[in-house]
A.B. asks: 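To start, I am sharing the structure in question, which I have written as structure tokens.
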4 protein chains.
Amino acid sequence: MAKQRFAPGADEHVLDCAARLFRERGFEATTVRDIARTVGMLPGSLHYRYPTKGALLLALMRRGLALDLAAVDAAIAGAVDPVERLRLALRAHLRFLVSRDSTSVVLFEWRSIEPEAHAEMVRLRDEYDAHWARLIADAHAAGRLGAHVDLKMLRLMIFGAANWVSMWYSPGGPRTSDEIADAFWEYLSAGVLTSAAR
Amino acid sequence: MAKQRFAPGADEHVLDCAARLFRERGFEATTVRDIARTVGMLPGSLHYRYPTKGALLLALMRRGLALDLAAVDAAIAGAVDPVERLRLALRAHLRFLVSRDSTSVVLFEWRSIEPEAHAEMVRLRDEYDAHWARLIADAHAAGRLGAHVDLKMLRLMIFGAANWVSMWYSPGGPRTSDEIADAFWEYLSAGVLTSAAR
Amino acid sequence: MAKQRFAPGADEHVLDCAARLFRERGFEATTVRDIARTVGMLPGSLHYRYPTKGALLLALMRRGLALDLAAVDAAIAGAVDPVERLRLALRAHLRFLVSRDSTSVVLFEWRSIEPEAHAEMVRLRDEYDAHWARLIADAHAAGRLGAHVDLKMLRLMIFGAANWVSMWYSPGGPRTSDEIADAFWEYLSAGVLTSAAR
Amino acid sequence: MAKQRFAPGADEHVLDCAARLFRERGFEATTVRDIARTVGMLPGSLHYRYPTKGALLLALMRRGLALDLAAVDAAIAGAVDPVERLRLALRAHLRFLVSRDSTSVVLFEWRSIEPEAHAEMVRLRDEYDAHWARLIADAHAAGRLGAHVDLKMLRLMIFGAANWVSMWYSPGGPRTSDEIADAFWEYLSAGVLTSAAR
DNA sequence: CATGAATGAGTGTTCATTCAT
DNA sequence: GATGAATGAACACTCATTCAT
């Protein structure tokens, strides 16, 4: 009930604008004035909602992680097969990554988090990672991954390939995020490479 | 011996120090004074060699890309089989990535390049990408990749997985860069996932 | 009353202080810190009003030229006789020159104007010159100057003699600006020199 | 015999280059590197001849004042009539002013002289002024100026009109310095203005 | 709640000067 | 004499933050 002068959803707007700028220019290269101007506020007013620039980044990252997890959860809700759940999760993550700026900020502005908040962010990120680790572990438990696969290594590989998409994806490009996810999935499923030894 | 004149290789030292700081803190968050102190110079002296902070970044990136390419070339020089060449290239790239800071800077400070230098860096990076594209195309031409694999998508997937390593690798960790490369390689060769449809 | 908000007319104060320092030390030799200290502000606060040192100089010059013209116009408003008008204008210009620093800055810091503003300042100065040229042309049209006087040369001579006063005038000196103007006037009216040929 | 590696006249060259730059950009805005480059030396080498930038300015001014006086003396050497001598002096001064940069520097960089050298420069300038004062006093003593002319005021007027020429003169302009001197002279001799009262 | 003028520590950069060679 | 790499104090300017209104 407290924050009511501001239109509902206004905080969202602030975070969205900040996310866009942080992603485009980087946290350090974005000024509070830039954000305020983009939001349509004055620099002093922004400080009522987010006392410091760092607080904005934190709020952004918290929301980003939570929303990404929620999107993934929603996407896999109806599926039972653990490998299918993993596939849908990858699709959902990529869709979220390319449609929202906050995930990229979470991924690439890790360094800009102020020391006091580091512990919290590590915890949030661990939770996030654990979510994915669980999806992979389920597939493994169901005997659907190679027997001696290093689950953590596999997770980091998938995660890396997926996150890197935010570096080159462009909305007008030839492939949707779903198509990209499916291509990656295919290469991992079938095995793209034929080793010399075989 | 006192107040040593700049030793040969001193420029290397400057670039190495700058690379480390840029990687640890980011380009924007690193001050010229930080770099100078780390190198063991005074701010004014640094400017004598690199007129601006941006020039330092550019020199760093140019060297980083060139050395990475050279390392990859050296690693694959003896191999003939195109898939083996690709595997060795991946190993070499990862080895370089985790042992030198400059590649990470190239990958993650793209935004900090000043507009005037953008064209040059795009060209250098295109050359770099083309090198990898060629390795993959060779494997494809030899019939060693799945027939309808999207070569660009595969390249971006491998590249993403590999580059992401710089985000989580720590020198004292349980796996060497070669082991990481081999694990990734294995998942791509054999196909880790067993799809539901099968 | 404490920590007074900027009083109206504060910009005037800033310009006056800057003008004094620019006149005493020159534009280049005056630091922004000097100005801020003299005004009673901090360097950052000064930049809030004038984004750059050059902008301060421009504002100063614009105001200086406008005020000088206004002072001259006010002084000649009541007079009809064109020669009398010229005499009053000279008096007013000299009075302004010695009582305000900005005219001296306009005269002697021409070189410090940044290239982008050059055109505007040339225009303003041309207008200023045209004003004087008109006064002289009126006297000439009334047949009150020697028939074959070069009007431009006469203007530059009067202007030079007048402006040079800012180089040696000191407020506590034996003559007021009006007395100086009258002396110059007399030498030009009567002809001080008796040529050898006569 | 001491300074002989350097070609004779080299000091002249240094001073000429410095004078040109000081005049064009101002003393403060001219860097030692600018001067060194223009002269064709390296910054360190310039310091062998002139230990500081201020020393260069002083040398420049000393030479400038001496040469101007010498030029004036040479010009009036043959004339006896005191008014004619004054006319020739004005011509010579203007000729020197527009053909050499050093006089302008003497006139307009007064503020940049370092405090320790102030006394010397005041003395030199007083000598210079006295020279002109003498020329005028001679004309007065010969009864060739109006009886109650203020000699100092007249000197300052002539000097101001003359020195201001360096502000607007351009070598390709429609009038030579002699023509300008003669025009000024005429206006002072004949009296250009016809006062209303007459 | 909101404003925006004011703050001041800190930034990248400049440049007269020094000095080992 | 001459060099030019190195120095470091000083510069103009930035910008997250504060706070009286």
Side-chain angles (χ1 to χ4, degrees), chain A residues 2-6 10 27-36 41-56 114, chain B residues 1-7 10-11 27-36 39-56, chain C residues 1-7 10-11 27-36 39-56, chain D residues 2-6 10 27-36 41-56 114:
Chain A
K3 298 189 184 173
Q4 271 319 9
R5 187 87 104 89
F6 229 74
F27 175 78
E28 295 281 357
T30 304
T31 71
V32 170
R33 275 174 178 74
D34 288 337
I35 302 169
M41 272 174 159
L42 288 160
S45 310
L46 198 57
H47 277 280
Y48 263 77
R49 318 202 143 259
Y50 301 97
T52 67
K53 195 170 112 171
L56 232 173
E114 37 207 13
Chain B
M1 197 53 49
K3 266 237 181 126
Q4 228 188 338
R5 230 65 313 243
F6 233 71
D11 277 321
F27 176 78
E28 296 280 356
T30 304
T31 71
V32 170
R33 279 166 182 79
D34 288 337
I35 302 169
V39 174
M41 274 175 160
L42 287 160
S45 311
L46 196 57
H47 275 288
Y48 191 82
R49 306 185 157 266
Y50 298 97
T52 65
K53 195 171 107 168
L56 233 173
Chain C
M1 196 52 52
K3 263 238 181 131
Q4 228 189 339
R5 240 31 1 214
F6 233 72
D11 278 321
F27 176 78
E28 296 280 356
T30 303
T31 71
V32 171
R33 278 167 180 78
D34 288 337
I35 302 169
V39 175
M41 273 175 160
L42 287 159
S45 311
L46 195 57
H47 275 289
Y48 190 82
R49 306 186 157 265
Y50 298 97
T52 66
K53 195 169 106 166
L56 234 174
Chain D
K3 298 188 184 173
Q4 272 319 9
R5 186 88 104 89
F6 228 76
F27 175 78
E28 295 280 357
T30 304
T31 71
V32 171
R33 275 173 179 75
D34 287 338
I35 302 169
M41 273 177 159
L42 288 160
S45 311
L46 197 56
H47 277 281
Y48 262 78
R49 319 200 142 260
Y50 301 97
T52 67
K53 195 169 113 172
L56 232 173
E114 35 207 16

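The figures that follow rest on heavy atoms only: side chains count, while hydrogens, waters and symmetry mates do not. We name chains A, B, ... by the order of the sequence lines, and we start the count at 1 in each one.
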A.B. asks: Checking only heavy atoms, does the side chain of B/Y48 share a donor-acceptor pair with the base of F/dA6 at less than 3.5 Å?
C.D. replies: no
A.B. asks: Once you apply the 3.5 Å cut-off to both distances, tell me the Watson-Crick or G-U wobble partner of E/dA20, or none.
C.D. replies: F/dT3
A.B. asks: In whole Å, what is the span from the OH atom of A/Y50 to the P atom of E/dA2?
C.D. replies: 13 Å
A.B. asks: Just jot down the side chain to side chain contact (heavy atoms under 4.5 Å, CB included) partners of D/T30, sequence neighbours excluded, or say none.
C.D. replies: D/L21, D/F22, D/R25, D/D34, D/I35
A.B. asks: Going 5' to 3' along nucleotides 12-17 of chain E, which nucleotides have protein heavy atoms under 4.0 Å from the base (write B), which only from the sugar-phosphate (write S), and which from neither (write -)?
C.D. replies: BBBSBB
A.B. asks: Looking at every heavy atom in both A/E114 and A/T52, which two are closest together, and how far apart are they?
C.D. replies: OE2-OG1, 4.2 Å
A.B. asks: Output the distance between atom CZ (D/R49) and atom CG (D/L56), rounded to the nearest 0.5 Å.
C.D. replies: 11.0 Å
A.B. asks: How close or far is atom C1' of E/dG8 from atom CG of C/L42, stated in whole angstroms?
C.D. replies: 6 Å
A.B. asks: Enter the distance from C/L46:CG to C/K53:NZ here, rounded to the nearest 0.5 Å.
C.D. replies: 11.0 Å
A.B. asks: Taking all atoms of both residues into account, what is the closest heavy-atom pair of C/A36 and C/P43, and its distance?
C.D. replies: CB-N, 3.7 Å
A.B. asks: Measuring from C/M41:CE to C/R33:CZ, what's the distance to the nearest 0.5 Å?
C.D. replies: 15.5 Å
